[in-house]
Amino acid sequence: MKQTTVFPSILILGSTGSVGEQAIDVAKQHGIRVMALAAHRNWQRVAEQARELQVSAAAMTDREAAACLRLALADTPVHVYDGEDGLLDMIEETAADFVLNAILGEAGLRPTLAALRSDKHLALANKESLVVAGELVMGLARERGLSITPVDSEHSAIFQALRAGQGNEIKRLILTASGGPFFGKKRTELANTTLDDALAHPTWQMGAKITVDSATLMNKGFEVIEAAHLFGVSQDKIDVVVHRESIIHSMVEYIDNSIIAQMSVPDMRLCVQYALTAPTRTKAVIPPLDLIKVGQLSFAAPDEQSFPLLPLAKRALSLGGAVPAVLNAANEVAVAAFLSRRIRFLTVSDTVMRVVEDMTHAQHKHTLDEILDSDREARERAASYIASHS
């Protein structure tokens, strides 16, 4: 008799975003029990999801949205939590095995820590948790004996490729980058870039903030920091290569100079699926890869002169402490200003570079309170810089 694989139950944070919706799709296809959901304002979609999945709880960090959701689900047994503290309570009180954290930005850090403190394994799509407080997050996971499985396509690829060897056999991690919409352009050509230009990603359909980060290569810089913490490797063992086709999602080079690459069509559902079912491989939720149709694969070095946030991220990682948190905070403020059309595209990188250079002293900050204080200071400095250049 064929045995049915029973997968762990999950709690999805950021359920109305791109990754959250794909996680729900994967869960439905594989019979994975979704115990609870969380989002910020889109209570209408959460209400639909809650009914469809028959969850036991839902949280809205926006209190007005929570009140609307509570009314919409009044005829169900769903327990609705409100506010950021309510979200943390839901994580602690919901009996799920895994928390899939797809919250955007630094706001995902406290939920990440709450998941680990409540002894839940973590499927992590919120890269900022590791960018802002990687040492604290990984230390807590080790202390509790909990797993953190990556959802980002690049880190999922490395996670899979690492099964081919031992940790002491790693020579390099090679992160691939699409190059974003401005691949091949010099800094002088980017002066009049519009928001619509920046949001026209050639491969992936993502949220606006992440798409802008891809355009500046900040997203790839964050991924370098994330990879260092997630896989326990030093910065000098992490390289970035531009791969426009986005077919190879990342690679691991071993000491015998063999390179193991993970390839598939660019579809985040595979990454979500493997994060929830690893090490088991399950029936495909994405189309097969047709290598004949792909034809050829190309590679190039990233242009770190025209896109200075990638080398800046490497420097932030090297400095350590709260400097990566400063990098992330300044970038969040600058990207928000660009998305609201208050600053030009190049001002995003100018702002982040200025704030990081002004706050290298944050390398001596290591506790959570110190990191959060540095985050707040960086946001204030970024806002001040933007105000003076608007």
Side-chain angles (χ1 to χ4, degrees), residues 4-40 42 45-61 69 73 76-81 86-104 107-127 129 137 140-141 144-153 155-156 159 230 267-283 285-286:
T4 301
T5 304
V6 178
F7 295 112
S9 58
I10 62 172
L11 189 165
I12 301 176
L13 310 181
S15 67
T16 61
S18 174
V19 173
E21 292 282 10
Q22 290 172 85
I24 289 172
D25 184 31
V26 169
K28 289 192 297 185
Q29 292 198 47
H30 291 297
I32 298 172
R33 176 79 171 100
V34 180
M35 302 291 292
L37 304 165
H40 181 46
N42 191 355
R45 180 58 185 144
V46 173
E48 295 170 352
Q49 293 171 339
R51 289 182 182 278
E52 180 182 15
L53 299 169
Q54 298 182 328
V55 300
S56 61
M60 305 299 298
T61 51
L69 180 64
L73 297 177
T76 76
V78 178
H79 183 178
V80 176
Y81 295 79
L87 170 60
L88 303 184
D89 289 340
M90 185 184 77
I91 293 170
E92 180 181 352
E93 295 169 8
T94 302
D97 303 303
F98 257 84
V99 171
L100 190 152
N101 186 354
I103 293 173
L104 181 65
L109 173 59
R110 290 178 68 203
T112 284
L113 295 172
L116 296 173
R117 286 169 179 155
S118 59
D119 293 318
K120 293 177 175 64
H121 298 285
L122 196 63
L124 192 60
N126 173 258
K127 62 173 57 68
S129 291
V137 170
L140 183 58
R144 299 276 185 160
L146 297 167
S147 64
I148 299 179
T149 53
V151 174
D152 274 350
S153 62
H155 301 91
S156 176
F159 183 56
L230 195 56
D267 190 320
M268 281 297 296
R269 289 177 299 167
L270 174 62
C271 312
V272 173
Q273 174 177 293
Y274 195 71
L276 298 178
T277 66
T280 302
R281 291 198 178 271
T282 53
K283 186 177 178 180
V285 294
I286 66 170

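Since the structure is predicted, the reported quantities are computational estimates derived from the model, not experimental observations.
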Residues E52 and K28 bridged, charged N to O under 4.0 Å:
yes

pair V272-L276: side-chain heavy atoms closer than 4.5 Å:
yes

Under 3.5 Å, side chain of R45 to main-chain N/O of T16, donor-acceptor pair present?
no

With rounding to the nearest 0.5 Å, note down the distance linking CZ in F98 to CD1 in I12.
12.5 Å

Is the backbone N or O of I286 less than 3.5 Å from a side-chain atom of D267, with the two atoms forming a donor-acceptor pair by type?
no

Can you find a pair of side-chain heavy atoms, one from I10 and one from R33, that are under 4.5 Å apart?
no

Between T94 (side chain) and A36 (backbone), is there a donor-acceptor pair under 3.5 Å?
no

Give a yes or no on whether the backbone of G108 and the side-chain of N101 come within a donor-acceptor separation of less than 3.5 Å.
yes

Spell out, as yes or no, whether a donor-acceptor pair under 3.5 Å connects the side chain of S118 to the backbone of E92.
no

Side-chain donor or acceptor of H121 paired with backbone N/O of S147 under 3.5 Å:
yes

Is it the case that the side chain of S156 and the backbone of D152 share a donor-acceptor pair, with hydrogens and angles ignored and the cut-off at 3.5 Å?
no

Do Q22 side-chain atoms and S18 backbone N/O form a donor-acceptor pair below 3.5 Å?
yes

Examine distances only and state if a side-chain atom of S56 and a backbone atom of M35 form a donor-acceptor pair shorter than 3.5 Å.
yes

Check whether any side-chain heavy atom of M60 sits under 4.5 Å from a side-chain heavy atom of Y81, and report yes or no.
no

Evaluate the side-chain proximity of V19 to L100: yes if any heavy-atom separation is below 4.5 Å, no if none is.
yes

